[in-house]
Protein chains: 2
Amino acid sequence: MSEIFLQQFHTFGDVVRYTNFSKQETMAKLGLPEDVTHELVSRDVSVGYYALVEFANAVPTPDFFTEECRWWDIDQIPALLFDHNDMIKLALKTLRRQLSYQPIGYNLLPDKFTMPDLQQLYETILGQLLDRRNFQKRMLGYDILERLEERKTGGAHKAPYLYRFDKEKYEKALADEILFVG
Amino acid sequence: MSEIFLQQFHTFGDVVRYTNFSKQETMAKLGLPEDVTHELVSRDVSVGYYALVEFANAVPTPDFFTEECRWWDIDQIPALLFDHNDMIKLALKTLRRQLSYQPIGYNLLPDKFTMPDLQQLYETILGQLLDRRNFQKRMLGYDILERLEERKTGGAHKAPYLYRFDKEKYEKALADEILFVG
DNA sequence: CCAAAAGTGTTCTCCGTACACCCATGT
DNA sequence: ACATGGGTGTACGGAGAACACTTTTGG
């Protein structure tokens with residue numbers, strides 16, 4: 001996958017990073033010997049990024065230490081090792097904040113999409129329903145969408161217009177708001 | 001110094017991080033041999049934090065690799081090694097954004113201070129002048145300031161009121177807004 | 001008395017929110 | 001015909017920005 005929306009959100013570096021499981025449990029789960037001197041001589045630092053991807057296209061594969069690696073519904077994530085649940089919580093919080101003053105969706109929607117499509121994406125990320133009329137006004141207000149003459153036919157009801165991101169304006173809007181892409 | 005306002009803002013981890021000086025120049029300035037394989041086998045990661053301190057109380061001391069370590073006016077910082085100028089730029093940008101929706105000043109002002117004192121702090125950080133009346137309304141709107149009966153006398157003009165941060169409300173306001181302190 | 005700084009209130013605009021009606025389409 | 005979803009416009013309220021007059025104080 002290329003051209004992924006990837007956003008650094010925080011670096012985690014606490015000396016003690018066990019939230020759900022004790023160090024003993026953690027080491028046992030990892031199949032590692034418990035190194036009692038570890039915290040005294042070293043520190044693990046994790047740089048957190050979140051990405052927006054069409055999840056059906058991204059196939060998670062476990063690494064050597066990983067028992068299982070797959071997609072989860074955000075509300076059903078089980079207790080993870082270390083502070084990884086905190087990481088996810090913070091990623092979502094940051095993404096939601098970013099979404100509130102930032103257009104998002106370029107890499108998540110097909111080239112042409114309808115306003116309801118975009119709204120559903122927002123509602124999924126925010127975890128709440130939005131007002132159709134206000135949503136549309138806000139999105140159009142960003143001045144990054146181009147409405148096509150075409151409509152999406154084949155649906156069961158009134159045919160909605162198709163829109164396309166104006167790539168240039170979209171990139172510009174992102175650059176103005178995002179502090180750093182790296 | 002203790003109780004410092006310290007905020008992580010970004011982690012820098014590009015493979016190539018020379019902005020102002022070439023690798024040759026950089027290594028020469030550091031008095032290090034130029035290791036041509038360095039970028040192939042390792043990567044330097046810097047976790048950036050900014051702090052707000054009363055700068056007169058913080059005495060910078062150079063470390064082994066540092067030629068000079070002292071305070072600079074933000075507009076007069078010379079060309080630094082690596083991407084350190086970018087780091088400073090981003091720190092300021094983040095701080096300014098944070099300031100726009102966040103009360104700040106607890107560790108930077110004396111226990112009792114006047115509204116003009118606070119405004120001057122904001123103007124210094126933001127690098128622009130603010131309207132007295134609107135500034136005051138906004139600050140009071142945060143509901144974290146307590147106005148004392150006292151006024152600051154001895155000035156050349158009308159005596160301004162003294163204010164004090166309501167520590168409890170101040171902490172609460174910070175906790176509500178700051179995503180992560182770590 | 002006068003200059004300079006500080007206290008205070010009103011108006012306007014913009015943005016976000018709440019809300020209602022009409023239109024198109026497949027069943 | 002009708003249920004469902006989509007297109008569109010209006011009204012209200014709060015926050016920020018623009019802006020002026022009065023009061024105090026030292027010189």
Side-chain angles (χ1 to χ4, degrees), chain A residues 96-105 109-110 112-165 169 173 176-177, chain B residues 96-105 109-110 112-165 169 173 176-177:
Chain A
R96 284 179 173 165
R97 164 169 300 184
Q98 185 176 357
L99 204 65
S100 70
Y101 56 82
Q102 263 282 303
I104 272 179
L109 292 169
K112 300 171 182 179
F113 54 89
T114 68
M115 197 57 79
D117 290 340
L118 185 61
Q119 180 171 348
Q120 176 145 24
L121 173 63
Y122 270 65
E123 289 178 342
T124 301
I125 295 177
L126 293 175
Q128 65 178 27
L129 300 178
L130 303 171
D131 182 275
R132 280 190 306 129
R133 298 153 286 191
N134 296 333
F135 179 79
Q136 172 152 341
K137 254 179 295 179
R138 183 154 64 94
M139 288 302 129
L140 295 180
Y142 287 144
D143 191 33
I144 52 163
L145 290 178
E146 180 189 359
R147 186 165 98 174
L148 309 175
E149 286 309 312
E150 252 175 302
R151 285 162 179 262
K152 180 180 186 176
T153 56
H157 305 290
K158 183 169 181 177
Y161 283 103
L162 286 169
Y163 290 84
R164 185 161 46 191
F165 283 112
K169 290 180 180 172
D176 286 347
E177 269 306 326
Chain B
R96 284 180 172 165
R97 163 169 301 185
Q98 186 176 357
L99 203 65
S100 71
Y101 56 82
Q102 265 281 302
I104 272 179
L109 292 170
K112 300 171 182 180
F113 53 89
T114 68
M115 197 57 77
D117 290 340
L118 185 60
Q119 181 170 348
Q120 177 144 25
L121 173 63
Y122 269 66
E123 290 178 343
T124 300
I125 295 177
L126 293 175
Q128 65 178 26
L129 300 178
L130 302 171
D131 181 275
R132 281 190 306 128
R133 297 153 285 190
N134 296 333
F135 179 80
Q136 172 152 339
K137 254 178 294 179
R138 183 152 66 93
M139 288 302 129
L140 295 180
Y142 287 143
D143 191 32
I144 53 163
L145 290 178
E146 180 190 359
R147 186 165 96 172
L148 309 175
E149 286 308 315
E150 252 176 300
R151 286 163 178 261
K152 180 180 187 176
T153 56
H157 306 288
K158 182 168 182 175
Y161 283 102
L162 286 168
Y163 291 83
R164 185 160 47 191
F165 283 111
K169 290 179 179 172
D176 286 348
E177 268 306 326

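Every chain is numbered from 1, with letters handed out A, B, ... down the list of sequences.
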Of all heavy-atom pairs between A/Phe165 and A/Leu118, which one has the smallest distance, and what is that distance?
CZ-CD1, 4.3 Å
Tightest non-hydrogen contact, residues B/Asp131 and B/Gln119, listed as C-NE2, 4.1 Å
Can you tell me the distance, in whole Å, between the [atom1] atom of [X] and the [atom2] atom of [N]?
X: B/Asn134; N: C/dT8; atom1: CG; atom2: P; value: 15 Å
X: A/Asp131; N: C/dA20; atom1: CG; atom2: P; value: 11 Å
X: A/Lys158; N: D/dT4; atom1: NZ; atom2: P; value: 17 Å
X: A/Leu140; N: C/dC15; atom1: CG; atom2: C1'; value: 15 Å
X: B/Tyr163; N: C/dA6; atom1: OH; atom2: P; value: 12 Å
X: A/Tyr161; N: C/dT25; atom1: OH; atom2: P; value: 11 Å
X: B/Arg147; N: C/dA6; atom1: CZ; atom2: C1'; value: 11 Å
X: B/Gln120; N: C/dA6; atom1: CD; atom2: C1'; value: 15 Å

Got B/Glu149 and B/Tyr161 here, is their nearest side-chain heavy-atom distance under 4.5 Å?
no
Is any side-chain heavy atom of A/Leu140 closer than 4.5 Å to a side-chain heavy atom of A/Met115?
yes
Is there a donor N/O on one and an acceptor N/O on the other, under 3.5 Å, for the side chain of A/Lys137 and the base of D/dT10?
yes
Give a yes or no on whether a donor-acceptor pair under 3.5 Å exists between the nucleobase atoms of C/dA5, that is its base, and the side chain of B/His157.
no
Base, sugar-phosphate, or nothing for B/Gly141, non-hydrogen atoms under 4.0 angstrom?
nothing
Applying a 4.0 Å non-hydrogen cut-off, can you work out what A/Arg133 is touching in the nucleic acid: base, sugar-phosphate, or nothing?
base
Kindly say whether A/Leu130 contributes a backbone atom to a donor-acceptor pair with the side chain of A/Glu123 at under 3.5 angstrom?
yes
Return the 5'-most residue of the pair A/Arg138, A/Ala156 with respect to DNA chain C, ranking by each residue's nearest nucleotide.
A/Arg138
May I ask you to verify if any side-chain N or O of B/Arg132 is less than 4.0 angstrom from the OP1 or OP2 atom of C/dA4?
no
Any chance you could lay out the side chain to side chain contact (heavy atoms under 4.5 Å, CB included) test for A/Tyr163 and A/Thr114, step after step, and finish with the verdict?
CA-CA 6 Å; A/Tyr163 290 84; A/Thr114 68; 5.6 Å; no
To the nearest 10°, let me know how far the axis at one end of the helix from C/dC1-D/dG27 to C/dT27-D/dA1 is tilted from the axis at the other, five pairs an end.
10°
More 5' along DNA chain D: A/Pro116 or B/Arg151, using each one's nearest nucleotide?
A/Pro116
Evaluation steps, side chain to side chain contact (heavy atoms under 4.5 Å, CB included), between A/Leu145 and A/Arg164
CA-CA 6 Å; A/Leu145 290 178; A/Arg164 185 161 46 191; over 6 Å; no
